[in-house]
Amino acid sequence: MDQGGASPVFSARAEIDGEHLHVVVAGEVDMATADTMVQTALREPASRLTLDLRAVTFFDSAAIHAVVRLAQRFSGTLTVLPSRQVRRVLEISGLGDQTWLDPV
């Protein structure tokens with residue numbers, strides 16, 4: 001969708017490298033977009049997932065649920081690269097110490 005040069009409200013794209021899937025998400029992840037993020041991550045067969053959320057500007061409870069679902073699916077092989085906003089929401093929700101959350 002063309003938004004007159006403005007950055008998109010939401011986008012998710014996947015890149016596969018062997019068994020490693022890298023999903024880059026930008027914009028707002030909420031009730032309307034969280035499932036699209038999950039479906040993008042599950043579209044390609046992979047044993048490892050990196051979920052790059054560094055360009056995410058809004059992250060709600062539906063987004064938290066989506067990440068938890070992906071953490072269950074990719075148990076021990078998920079890495080989440082959070083934006084400042086995503087990290088804050090995960091910390092507030094009690095998920096800030098998860099092994100899948102990149103500590104940097």
Side-chain angles (χ1 to χ4, degrees):
M1 175 188 320
D2 183 10
Q3 297 182 357
S7 61
V9 173
F10 173 82
S11 68
R13 64 180 169 80
E15 301 168 357
I16 187 91
D17 182 13
E19 289 292 311
H20 185 189
L21 181 63
H22 189 98
V23 175
V24 179
V25 181
E28 300 179 358
V29 185
D30 57 19
M31 188 172 72
T33 60
D35 192 55
T36 301
M37 178 179 72
V38 170
Q39 293 307 313
T40 301
L42 298 178
R43 190 172 299 140
E44 299 288 337
S47 59
R48 253 181 42 201
L49 173 63
T50 297
L51 190 59
D52 186 340
L53 305 177
R54 293 177 290 188
V56 170
T57 57
F58 180 81
F59 199 76
D60 72 1
S61 61
I64 294 169
H65 183 256
V67 170
V68 169
R69 284 175 49 202
L70 290 171
Q72 292 169 340
R73 166 62 179 81
F74 292 92
S75 180
T77 64
L78 171 67
T79 301
V80 175
L81 307 174
S83 66
R84 187 175 51 86
Q85 293 87 343
V86 170
R87 183 177 300 281
R88 179 79 175 126
V89 169
L90 291 173
E91 287 173 354
I92 290 169
S93 66
L95 296 171
D97 62 350
Q98 295 299 305
T99 57
W100 42 258
L101 185 60
D102 187 62
V104 177

* Asked: Any chain of hydrophobic side-chain contacts (each under 4.5 Å) joining Met31 to Val67?
  -> no
* Mind checking the CD-OG spacing from Gln98 to Ser93? Nearest 0.5 Å is all I need. => 9.0 Å
* Is the backbone of Val56 close enough, under 3.5 Å, to the side chain of Ser83 for a donor and an acceptor to pair up by distance? -> yes
* Asked: Could you give the distance from CD (Glu44) to CG (Asp17), rounded to the nearest 0.5 Å?
  -> 12.0 Å
* Asked: Looking at Leu101, Thr50, Val86, Leu51, which one forms a side-chain contact (heavy atoms from CB on, under 4.5 Å) with Leu81?
  -> Thr50
* Separation of Trp100 CH2 from Leu78 CG (nearest 0.5 Å) -> 7.0 Å
* Asked: Side-chain heavy atoms under 4.5 angstrom apart, residues restricted to Ile, Leu, Val, Met, Phe, Trp, Tyr: same cluster for Leu21 and Leu42?
  -> yes
* To do: Find out whether Asp60 and Val29 are in side-chain contact, i.e. whether some heavy atom of one side chain is under 4.5 Å from a heavy atom of the other.
  => no
* To do: Could you tell me which residues satisfy side-chain hydrogen bond (donor to acceptor under 3.5 Å, both in side chains) with His65, sequence neighbours excluded, listed by chain and number?
  => none
* To do: Could you name each residue pair satisfying salt bridge (Lys or Arg N to Asp or Glu O under 4.0 Å) that touches residues 61-89, not counting sequence neighbours?
  => Asp35-Arg69
* Structure fact -> When rounded to the nearest 0.5 Å, the distance separating CZ of Phe59 from CD1 of Ile92 is 12.0 Å
* Going through the distances and angles, do Asp102 and Val80 end up as a side chain to side chain contact (heavy atoms under 4.5 Å, CB included)? -> CA-CA 6 Å; Asp102 187 62; Val80 175; over 6 Å; no
* Within-4.5 Å side-chain heavy-atom neighbours: Thr79 and Leu49 -> no
* Asked: At their closest point, which heavy atom of Ile16 faces which heavy atom of Pro45, and how far apart are they?
  -> CD1-O, 3.7 Å
* Asked: Ser75 side chain to Gln72 main-chain N or O, any donor-acceptor pair under 3.5 Å?
  -> no
* Asked: Within a reach of under 6.0 Å around CG of Asp97, are more than 12 heavy atoms found that belong to other residues, nucleotides or ligands?
  -> yes
* Report yes if some heavy atom in the side chain of Gln39 is under 4.5 Å from a heavy atom in the side chain of Thr36; otherwise report no. => no
* Is the shortest heavy-atom distance from the side chain of Leu95 to the side chain of Val68 under 4.5 Å? -> yes
* **Heavy-atom side-chain proximity of Thr77 to Ser47 below 4.5 angstrom** => no
* Asked: Between Ala62 and Ala34, what is the shortest heavy-atom contact and its length?
  -> O-CB, 3.6 Å
* For Glu28, does its backbone N or O pair with a side-chain atom of Thr33 as donor and acceptor, under 3.5 Å? -> yes
* Asked: What distance separates Glu15 CD from His22 NE2, expressed to the nearest 0.5 Å?
  -> 6.0 Å
